[in-house]
Amino acid sequence: MSELKVYNSYSRQKEVFTPVTPGHVGMYVCGPTVSGESHLGHARPYITFDVVYRYLTHLGNKVRYVRNITDAGHFEEEGREAEDKISKKAVLEKLEPMELVQKYTNLFHWAMDKFNNIPPTIEPTATGHIVEQIGMIEQIIEAGYAYESNGSVYFDVKKYAASHDYGKLSGRVIEDLLETTRELEGQEEKRDTADFALWKNAAPEHIMRWKSPWGVGFPGWHIECSAMATKYLGAQFDIHGGGMDLLFPHHESEIAQSTICNHVAPVRYWIHNNMITINGRKMGKSYNNVIKLTELFSGDHPLLSKAFHPMVIRFFILQTQYRSTLDFSNEALQAAEKGLKRLWDAYEKLPALKHEGAAAPDAELEAKVISLVAAFEEDMNDDFNTAKVLAGMFELVPVINSISDNIIPVTALSKETLALLQKQMKTYVEDILGLKSVTEQDSHHLQGVMQLLIDIRKEAKANKDFVTSDKIRNQLAALGITLKDEKGGGMSWTVEG
RNA sequence: GGUCCUUUGGCCGAGUGGCUAGGCAGAGCUCUGCAAAAGCUCGUACAGCAGUUCGAAUCUGCUAGGGACCUCCA
């Protein structure tokens, strides 16, 4: 049995994963900013870390999974307009800020549920932790690493960098950062352009505002994660995850803030997922190339030929290692859809396979199945390589189909190996990869009706009454129900999802 | 401009220096009343150039293309 290795963005190499407290894992993942609808790009981290969460749990850990909701609103373009993202939208849509936040939070939860993502164990909101954030800022000021300026508070990057490794996570050189000449409004409040805001003075038109020792304002972007992670996971915790685009400045700044407050590096393993691209370019609002999740599920988008089931998206994402970019196209999604169907069809045949006792094992097949099944864990342990796990499953698909169709007798496998195959497939397909059926659970009534039709068709076929048998199959097809004759004389059916 | 990453067959994508990735699409065959599935077989891909090595998609250098971050960003 191998050990779990994860790629740590901080050290830029794979490291054996050892939690601070054996048997317990603290994991923090940067959650959504609920000022708008989630798009395909947002789906990747939440599915990626859902699998991480599931796998760590599978390994026997008790995982505290914290994923925040950013509902406090940040700058659209910092300094330039000084507009609070959420409050601006609120005016446009004539909604209370919190009403807007609620709407998009609900929508986010709905999408997460569709993806079969397990909810985090704690989902704290930024607005619910203003007190903690203010407390942390006060600590940083006390320690001498932040200064007040015009009702705002900034982190003193230059001073921090003199004794700490600012820039290590994101591969940034501090001298370059300090030399940046970028001219932004509001910069004159800072001592250095590299300094970042811990607290911002709120202009009168800001709807979201809180009292603080420095006046009325709102927290800077980075402090919420530091405050909430510290509160729920402690000064030092195991995993911090998020998209690669958050490396700088977000996570770099988090390290600085937390280190000053807690006197210890906050995170042991930084895990970052890569981007989803579209025509080779990152999907993002600024590129105007986003496909919202609702559009994906409905097919209502110029780039989409049809609606795609959330499970297809999940499968599509898991077919790629999380640290690679994943290029989106309608064609790629269609391929994923067909692939998932092939995998799932075989998977569903598995429970019905029964071993009839007397074994005539095929040593070669036996060994193949055992090694393929064992590889699931090896591959997951190698930095959560779900792409390889799925490839291995696809190698098992012909074996499962052949046994099911009696091309290979079930006795070619030993009873134990068949049981192992059934058990491990279920564990990895459902519990770890979190896949589930694309079709709705059918009612007992429908199942009864279908059984009746199948019986009639079987009789017709036995009597060579192909008019009747074809009529049943064709009319069902018109209703979106596919009826298939199987090798052993049985019939199976699927409803078009 | 700075820093870093990347370039695999028609498409998507794994790849630990030597052994078939896998999926989709395509071709042929088998099974089948027909259909759909399913099974079997097939394409011998690693941006280019040079180097290291007995041997490189995998290591090094150069060239070219693409991308990310440096600003809100998953």
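Proteins get letters first, then strands, A, B, ... in listed order; numbering begins at 1 in each.
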With a non-hydrogen cut-off below 4.0 angstrom, is A:Asp345 in contact with a base, only sugar-phosphate, or nothing?
-> nothing

C1' spacing across the pair B:rU16 / B:rA27, given as an integer number of angstrom | 34 Å

Would you please classify the geometry between the A:Tyr55 ring and the A:Phe384 ring as parallel, tilted or perpendicular, with 30° and 60° separating the classes?
-> perpendicular

Reckon A:Tyr287 has a side-chain N or O less than 4.0 Å from the OP1 or OP2 of B:rA68?
-> yes

Write down the distance between CG (A:Leu246) and C1' (B:rU71), rounded to a whole number of angstrom.
-> 13 Å

Of the candidate nucleotides B:rA14, B:rC69, B:rA74, which contains the atom at the shortest distance from the side chain of A:Ser324?
-> B:rA14

Parallel, tilted or perpendicular for A:His42 and A:His39, by the 30°/60° rule?
-> tilted

For the base of B:rA74, is there a side-chain donor-acceptor partner from A:Arg44 under 3.5 Å away?
-> no

Given the P atoms of B:rU71 and B:rU3, what is the spacing between them in whole Å?
-> 16 Å

Return the 5'-most residue of the pair A:Arg457, A:Asp382 with respect to RNA chain B, ranking by each residue's nearest nucleotide.
-> A:Asp382

Considering only the P atoms, how many Å lie between B:rC19 and B:rA57, rounded to the nearest integer?
-> 9 Å

Touch check for A:Thr482, heavy atoms < 4.0 angstrom, all strands: base, sugar-phosphate only, or nothing?
-> nothing

Distance, rounded to the nearest Å, where A:Asn406 contributes CG and B:rA37 contributes C1' | 16 Å

Say you pick atom P in B:rG43 and the same atom in B:rU52; how far apart are they, in whole Å?
-> 33 Å

Look at A:Arg281 and B:rG67 and indicate whether a side-chain polar atom (N or O) is within less than 4.0 Å of OP1 or OP2.
-> yes

Under-3.5 Å donor-acceptor pair between A:Asp485 side chain and B:rC34 base | yes

Report which part of the nucleic acid A:Phe49 touches: base, sugar-phosphate, or nothing (heavy-atom distance under 4.0 Å, all strands).
-> nothing

Scan A:Leu247 against the nucleic acid and name what it touches under 4.0 Å (heavy atoms): base, sugar-phosphate only, or nothing.
-> nothing

Give A:Met283 one of three labels, base, sugar-phosphate or nothing, depending on what nucleic acid heavy atoms sit under 4.0 Å from its own.
-> base

Comparing A:Ser469 with A:Gln334, nearest RNA chain B nucleotide closer to 5' gives the residue A:Gln334

Should the pair A:Lys285 and A:Tyr287 be classed as cation-pi, given the thresholds of under 6.0 Å to the six-membered ring centre and 45° from the axis?
-> no

How would you label the contact of A:Asp470 with the nucleic acid (heavy atoms, under 4.0 Å): base, sugar-phosphate, or nothing?
-> base

Looking for any heavy atom pair under 4.0 Å, which part of the strands does A:Gly284 touch: base, sugar-phosphate only, or nothing?
-> nothing

A:Arg342 side-chain N/O to B:rG39 phosphate OP1/OP2 under 4.0 Å = yes

Across the strands shown, which category fits A:Leu390 at heavy-atom distances under 4.0 angstrom: base, sugar-phosphate, nothing?
-> nothing

Given the P atoms of B:rC42 and B:rA21, what is the spacing between them in whole Å?
-> 12 Å

Do the ring planes of A:Tyr347 and A:Trp344 sit parallel (below 30°), tilted (30 to 60°) or perpendicular (above 60°)?
-> tilted

What is the nucleic acid contact for A:Phe248, judged by heavy atoms within less than 4.0 Å: base, sugar-phosphate only, or nothing?
-> sugar-phosphate

Quick one: which of B:rG15, B:rG22, B:rA74 gets closest to the side chain of A:Ala391?
-> B:rG22

Cation over ring face, A:Arg342 and A:Phe394, 6.0 Å, 45° | no

Which part of the nucleic acid does A:Leu483 contact within heavy-atom distance under 4.0 Å: base, sugar-phosphate only, or nothing?
-> base

Checking B:rC40, B:rA74, B:rA14 against the side chain of A:Pro398 (C-beta onward), the nearest is B:rC40

Between A:Phe394 and B:rG23, do the rings stack, that is, sit under 5.5 Å apart with planes less than 30° off each other?
-> no

Please work out if A:Glu337 contacts a base, only the sugar-phosphate, or nothing of the nucleic acid, heavy-atom cut-off 4.0 Å.
-> nothing

When you get a sec, tell me which of B:rG33, B:rC69, B:rC24 is the closest nucleotide to the side chain of A:Lys338?
-> B:rC24

For the residue pair A:Phe115 and A:Phe297, does the interplanar ring angle fall in the parallel (under 30°), tilted (30 to 60°) or perpendicular (over 60°) class?
-> perpendicular

Can you find a donor-acceptor N/O pair under 3.5 angstrom joining the side chain of A:Asp327 to the base of B:rG13?
-> no

Touch check for A:Met244, heavy atoms < 4.0 angstrom, all strands: base, sugar-phosphate only, or nothing?
-> nothing

Would you say A:Thr33 reaches B:rC72's phosphate, i.e. side-chain N/O to OP1/OP2 under 4.0 Å?
-> no

Using a heavy-atom cut-off of under 4.0 Å over every strand shown, decide if A:Ser38 touches base, sugar-phosphate, or nothing.
-> nothing

Might you work through the salt bridge (charged side-chain N to carboxylate O under 4.0 Å, His left out) test for A:Asp382 and A:Lys5, ending with a clear yes or no?
-> CA-CA 5 Å; A:Asp382 184 14; A:Lys5 289 197 185 123; over 6 Å; no

Interatomic distance, A:Asp195 CG vs B:rC70 P [rounded to whole Å] | 17 Å

For A:Asn273 and B:rA74, is the shortest distance between a side-chain N/O and OP1 or OP2 below 4.0 Å?
-> no

Quantified in whole Å, what is the C1' atom distance between nucleotide B:rC69 and nucleotide B:rU63?
-> 24 Å

Does A:Asn274 put a side-chain nitrogen or oxygen below 4.0 Å from OP1 or OP2 of B:rA74?
-> no

Can the positive tip of A:Arg67 be found less than 6.0 Å from the middle of the six-membered ring of A:Tyr46, inside 45° of the ring normal?
-> yes

On a whole-Å scale, what distance lies between the P atoms belonging to B:rG28 and B:rG67?
-> 39 Å

Between B:rA25 and B:rC11, how far is it from one C1' atom to the other, in whole Å?
-> 7 Å

Identify whether any heavy atom of A:Thr277 sits under 4.0 Å from a base atom; if not, whether one sits that close to sugar-phosphate; answer base, sugar-phosphate or nothing.
-> nothing

Interatomic distance where NZ belongs to A:Lys349 and P belongs to B:rA37 [whole Å] = 12 Å

Positive for ring-ring contact (aromatic ring centres under 6.0 Å, His included) with A:His222, one of A:Phe196, A:Phe248, A:Phe155 = A:Phe196

